[in-house]
Chemist: 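To start, I am sharing the structure in question, which I have written as structure tokens.
Being a predicted model, the structure only gives us computed values, none of them experimental. Both ligands and their constituent atoms are indexed starting at 1 by order of listing.
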Amino acid sequence: MIDSAAIRQNLSVLQGVMQRTGAHILLAQKAFSCYALYPMIGEYLCGATASGLYEARLCHEEMPGKENHVFSPAFKAEDIDELVQICDHIVFNSLRQLSLYGAKAKAAGCAVGLRINPEKSTQKGHAIYDPCAPGSRMGVTIAELRSGLERQPDLLELLDGIHFHTLCEQDSDALEVTLEEVVAKFGEYLPCMKWINFGGGHHITREGYDIPRLERCIRRMRDGYGLDVYLEPGEAVALNAGYLHTRVLEIQEKEWGRIAILDTSAACHMPDVLEMPYLPPLLGAVAADCSGACGGSDGSGEKSYRYRLGGPTCLAGDVIGDYLFDHELREGEILTFCDMAIYSMVKNNTFNGMPLPCIWIKNGNELHLWKEFGYADFKARV
Ligand SMILES: *Cc1c(COP(=O)(O)O)cnc(C)c1O
């Protein structure tokens with residue numbers, strides 16, 4: 001269930017940043033492609049960014065007239081003609097791709113950017129989410145840029161902008177550190193550019209995020225280099241705006257404790273729980289491992305009933321986590337996971353023939369069933 005009022009609240013925070021700084025903020029569709037809400041998102045943001053042709057088409061169709069940007073680690077030759085027709089910005093991941101497709105993009109009126117790798121890790125723990133980690137395939141390092149431009153100096157003229165994306169759920173102090181590195185390493189190229197794109201991973205709508213520091217970073221590029229500044233958050237647009245309702249199918253008493261088997265699966269419906277990994281907040285319960293800090297309390301008493309919550313698939317590790325409740329769980333009871341709008345419906349799958357959840361959209365007091373999936377969807381996807 002997507003709460004459109006919560007999305008609107010996030011959007012107004014992002015719009016405030018745009019209004020105060022002149023920055024352009026885009027939705028990163030890969031985090032949240034719920035196009036039923038694109039008209040509303042388009043009222044606030046400048047447009048969207050895509051990871052390839054399909055997301056670019058989705059923005060083109062469902063947010064018509066708004067800015068459409070695309071980045072891919074490597075574009076396919078057969079996609080380029082359509083992409084440069086429907087996109088306003090295309091960002092390449094290498095000088096090779098820039099030399100193959102840059103002139104064609106410019107001829108079609110599409111602005112051209114290059115993703116750089118400032119080689120400055122600002123996150124610990126999640127190496128798979130760190131494009132600056134050693135061995136990264138993301139972005140051109142300063143050494144690669146210098147040696148490439150020595151061989152093909154004309155490539156610089158194709159560039160309208162620079163793009164970096166190095167953050168994941170981070171605050172603006174990490175952005176500030178990254179920007180310092182970008183200026184130190186790539187500063188000589190900035191005066192040749194029209195814009196700079198700060199990528200995503202900015203947790204702008206999270207409580208406690210330092211927005212004034214973000215705005216100082218934006219102004220530094222605008223005022224210092226005359227650049228238009230783009231940001232393309234995904235999470236921040238739909239943070240804390242979705243709920244996944246699930247039913248308890250069975251309670252099992254094991255030697256080591258109690259487990260509730262749910263009709264939702266971490267592997268199928270919330271894969272980031274296993275990939276990242278993280279423990280999603282659950283209404284009325286607290287995380288057993290961090291005793292309250294991750295779950296929040298509903299104030300209705302002590303939470304001493306401990307359950308492990310697991311999915312109905314064959315995967316032994318299809319476990320969401322351990323939670324404390326203030327009552328004994330019953331079969332048939334409905335549990336509600338929070339913050340389920342982001343990276344959920346875009347990443348789900350039908351492994352084990354698992355049904356996909358319906359998607360409801362809440363508008364004020366009205367609930368609207370937007371999507372319903374059945375056996376035919378499973379059959380069509382395999
Ligand atoms: C993932 C990604 C985003 C959005 O990241 P969030 O963490 O959802 O804000 C933006 N741009 C690029 C290039 C990305 O890969």
Side-chain angles (χ1 to χ4, degrees), residues 7 10-11 13-14 17 23-34 37 41 45-56 58-59 67-75 83 87-94 97 111-118 121-123 125-133 136-140 161-172 174-175 178-179 182 195-206 209 211 214 217 229-242 270-272 275-276 278 339-347:
I7 306 258
N10 289 337
L11 290 168
V13 170
L14 298 173
V17 172
H24 301 237
I25 302 188
L26 311 165
L27 162 72
Q29 294 174 89
K30 72 163 200 230
F32 184 68
S33 305
C34 182
L37 296 178
I41 294 171
L45 303 186
C46 294
T49 188
S51 319
L53 182 58
Y54 288 176
E55 286 183 357
L58 195 63
C59 171
E67 285 190 54
N68 195 2
H69 293 218
V70 67
F71 162 79
S72 171
F75 290 102
L83 279 172
C87 292
D88 302 288
H89 284 206
I90 185 165
V91 174
F92 297 106
N93 191 42
S94 71
Q97 287 250 311
V112 170
L114 183 69
R115 177 162 172 175
I116 58 166
N117 177 352
S121 291
T122 53
Q123 44 183 309
H126 296 307
I128 79 163
Y129 291 104
D130 183 4
C132 294
S136 172
R137 71 188 187 291
M138 299 303 185
V140 175
I162 289 287
H163 178 289
F164 65 84
H165 168 76
T166 66
L167 308 182
C168 179
E169 298 190 338
Q170 282 168 280
D171 208 322
S172 46
L175 172 64
T178 303
L179 203 54
V182 168
W195 47 262
I196 186 165
N197 187 321
F198 291 176
H202 315 281
H203 238 190
I204 301 168
T205 51
R206 181 181 66 198
Y209 181 95
I211 290 180
L214 166 69
C217 290
V229 176
Y230 286 85
L231 290 107
E232 44 185 39
E235 287 212 19
V237 174
L239 196 66
N240 292 315
M270 40 176 112
D272 276 353
E275 262 179 43
M276 202 163 180
Y278 81 102
D339 199 17
M340 280 290 151
I342 50 174
Y343 293 101
S344 53
M345 62 185 97
V346 293
K347 291 191 88 174

Chemist: Is P233 near ligand 1, meaning one of its heavy atoms is under 4.0 Å from it?
Modeler: yes
Chemist: Without hydrogens or angle criteria, can the side chains of H24 and E67 be said to hold a donor-acceptor pair below 3.5 Å?
Modeler: yes
Chemist: Can you report which non-hydrogen protein atom sits closest to atom 8 (O) of ligand 1, along with the distance?
Modeler: Y343 OH, 2.7 Å
Chemist: Test side-chain contact (heavy atoms from CB on, under 4.5 Å) on C132 and N117 and set out the steps.
Modeler: CA-CA 6 Å; C132 294; N117 177 352; 3.5 Å; yes
Chemist: Purely on distance, is any nitrogen or oxygen of A28 under 3.5 Å from one on ligand 1?
Modeler: no
Chemist: Does the N or O separation between E235 and ligand 1 drop below 3.5 Å for any pair?
Modeler: yes
Chemist: Taking side chain as C-beta onward, heavy atoms only, is D171 less than 4.5 Å from R206?
Modeler: yes
Chemist: Does at least one non-hydrogen atom of Y129 fall below 4.0 angstrom from an atom of ligand 1?
Modeler: no
Chemist: Are Y230 and F198 close enough that their ring centres sit under 6.0 Å apart?
Modeler: no
Chemist: Less than 4.5 Å apart, any side-chain heavy atom of F75 and any of P73?
Modeler: no
Chemist: Output the list of atoms in ligand 1 that are nearer than 4.0 Å to some heavy atom of E232, sorted by atom number.
Modeler: 3 (C), 4 (C), 10 (C), 11 (N), 12 (C), 13 (C)
Chemist: What do you reckon, does A236 put a non-hydrogen atom under 4.0 Å from ligand 1?
Modeler: no
Chemist: Under 4.0 Å from ligand 1, counting heavy atoms only, is it the side chain of K30, its backbone, both or neither?
Modeler: side chain
Chemist: Can you confirm, on distance only, whether ligand 1 has an N/O atom lying under 3.5 Å from any N/O atom belonging to G234?
Modeler: yes
Chemist: Would you check if H165 and M138 make a side-chain contact, meaning some heavy-atom pair closer than 4.5 Å?
Modeler: no
Chemist: Do W195 and H89 come within less than 4.5 Å of each other through their side chains, counting heavy atoms only?
Modeler: yes
Chemist: Should E169 be counted as touching ligand 1, given the test is an N or O pair under 3.5 Å?
Modeler: no
